[in-house]
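Notes follow the structure.
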Amino acid sequence: MDRDNNLAVVVGVSGGVGGALARGLAAQGQYDAVVGVARHRPADWPGGPTLPFVAADITDEAQVAEAARTIGDLGRPTRIVVATGLLHADGVAPEKALRMLDPEALMTLFRVNAVAPALVAKHLLPLTPRDRVSLFAALSARVGSISDNRLGGWYGYRASKAALNMLIATLAIEHRRTRPQGICVALHPGTVETGLSAPFRHGATAAKRLTPDQSAKALIEVMDRLSPEDSGSFLAWDGQPIPW
């Protein structure tokens, strides 16, 4: 494949929002290929030259580096979206009080929610063009906003998303030095009806919930409106800025 091909890369296509983002970007017809990245190839991933799939566990830097080499051979990414995240799993659950803090759970949340997207940025941002607009976006969460925290609780998830926000704000500063047209942002996808939020959606009315396709459509519209001046921003699915 031509290494000058214009690529979109979606990391986390096995998830509801990630899969919907890949479908939405492919439907735009603006990219020579939309590359899907996940640990395992989704059963419904079409494949083919315009929808290649790259398997990688993004918490493993060696796998991220290998995935970057493969993607670099396919073309040049002008849009990279990291749509991964962890809220609950075996041994990991949102804490209601300080006494519930578990160091192993904290490390898992930080590794998945902050370190892994940073590794993707480390290895994929150097592949972006220097002479035109490109975008790196990672899905964060409103609860990662320090100034918006009024309820407390959820220590590990909040802190890991706050760490992700700081990583993105920092890499945006460095990235613009070599790629002035490069954009790096954190995005809040809303309360989405996926497995990640399923046990915790009782606080959101049905009217405020989004399907994965609705969230992805809104996020793509937000990304399409961004300019280099927006780099380093934290934005919600409806385009509204979120305080750090």
Side-chain angles (χ1 to χ4, degrees), residues 9-22 35-42 53-68 71 80-96 100-125 136-146 149 153-172 184-201 212 215-216 219 234 237 242 244:
V9 179
V10 180
V11 181
V13 292
S14 58
V17 177
L21 282 165
V35 184
V37 180
R39 291 186 182 184
H40 305 290
R41 178 173 175 152
F53 177 80
V54 179
D57 176 352
I58 63 168
T59 65
D60 181 331
E61 184 167 12
Q63 293 190 41
V64 178
E66 180 60 32
I71 292 167
I80 303 162
V81 187
V82 183
T84 56
L86 177 68
L87 175 58
H88 60 93
D90 290 341
V92 178
E95 309 91 347
K96 294 181 179 179
M100 299 175 67
L101 279 184
D102 177 78
E104 292 302 320
L106 283 173
M107 293 301 292
T108 297
L109 287 165
F110 272 81
R111 183 169 62 252
V112 174
N113 292 335
V115 176
L119 291 176
V120 173
K122 175 182 176 180
H123 290 278
L124 290 191
L125 281 179
F136 174 89
L139 298 194
S140 184
R142 187 181 294 276
V143 297
S145 167
I146 294 174
N149 181 1
W154 289 35
Y155 286 87
Y157 189 68
R158 286 184 186 276
S160 62
K161 288 297 188 177
L164 171 63
N165 292 345
M166 178 58 84
L167 286 163
I168 292 172
T170 303
L171 68 88
C184 300
V185 294
L187 298 175
H188 168 55
T191 300
V192 188
E193 295 176 347
T194 64
L196 182 144
S197 65
F200 310 102
R201 287 200 296 262
S215 176
L219 290 169
F234 183 17
W237 61 274
I242 299 175
W244 295 111

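Bear in mind that the values here come from a model prediction, so they are computed numbers and not experimental data.
- Residue Asp57 holds its CG atom at 4.0 Å from CZ of Arg39, rounded to the nearest 0.5 Å.
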For His188 and Ser140, run side-chain contact (heavy atoms from CB on, under 4.5 Å): C-alpha distance rounded to whole Å, both residues' side-chain angles, the deciding distance at 0.1 Å, then the answer. CA-CA 5 Å; His188 168 55; Ser140 184; 5.9 Å; no

Check the pair Val17 / Leu219 against side-chain contact (heavy atoms from CB on, under 4.5 Å), numbers first and verdict last. CA-CA 10 Å; Val17 177; Leu219 290 169; 4.2 Å; yes

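- Taking the side chain as every heavy atom from C-beta outward, Val92 and Leu109 approach each other to under 4.5 Å.
- The two atoms that bring Ala163 and Phe110 nearest to each other are CB-CE2, 3.7 Å, heavy atoms only.
- Under the side chain to side chain contact (heavy atoms under 4.5 Å, CB included) criterion, Ala56 pairs with Val37, Gln63, Ala67, sequence neighbours left out.
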Taking distance alone, no hydrogens or angles, what donor-acceptor pairs closer than 3.5 Å link side-chain atoms of residues 111-118 to residues at least two apart or in another chain?
from: Asn113; atom 1: OD1; to: Leu86; atom 2: N; distance (Å): 2.7
from: Asn113; atom 1: ND2; to: Leu86; atom 2: O; distance (Å): 2.9
from: Asn113; atom 1: ND2; to: Ser160; atom 2: OG; distance (Å): 3.0

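- Heavy-atom minimum distance, Val120 versus Val82: CG1-CG2, 3.8 Å.
- To the nearest 0.5 Å, atoms SG (Cys184) and CD1 (Ile168) are separated by 8.0 Å.
- To the nearest 0.5 Å, the span separating CG on Leu124 from CD1 on Ile71 amounts to 5.0 Å.
- Listed for the Glu61 side chain is no donor-acceptor partner under 3.5 Å among the backbone atoms of Leu119.
- The closest donor-acceptor contact from the side chain of Lys161 to the backbone of Gly156 lies at 3.5 Å or more, if one exists at all.
- For the atom pair CZ (Arg142) and OG1 (Thr191), the distance works out to 9.0 Å, reported to the nearest 0.5 Å.
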Go through Leu187 and Phe234 one step at a time and tell me if the side-chain contact (heavy atoms from CB on, under 4.5 Å) criterion holds. CA-CA 6 Å; Leu187 298 175; Phe234 183 17; over 6 Å; no

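- Using a 4.5 Å heavy-atom cutoff, the side chains of Trp154 and Leu87 are in contact.
- Here CG of Asp102 is found 14.5 Å from OH of Tyr155. Values are rounded to the nearest 0.5 Å.
- Across Phe136 and Ala121, no two heavy atoms sit closer than the pair CZ-CB, 3.7 Å.
- A 4.5 Å side-chain heavy-atom check between Thr84 and Ile58 finds at least one atom pair inside the cut-off.
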Hey, mind stepping through Asn149 and Val143 against side-chain contact (heavy atoms from CB on, under 4.5 Å) and telling me if it holds? CA-CA 7 Å; Asn149 181 1; Val143 297; over 6 Å; no

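- Other residues, nucleotides and ligands contribute at most 12 non-hydrogen atoms within 6.0 Å of the CD1 atom of Ile146.
- Summarising the local packing, CE of Met100 is surrounded by more than 12 heavy atoms from other residues, nucleotides or ligands at distances under 6.0 Å.
- Arg158 contributes atom CZ, which lies 9.0 Å from atom OG of Ser145 (distance to the nearest 0.5 angstrom).
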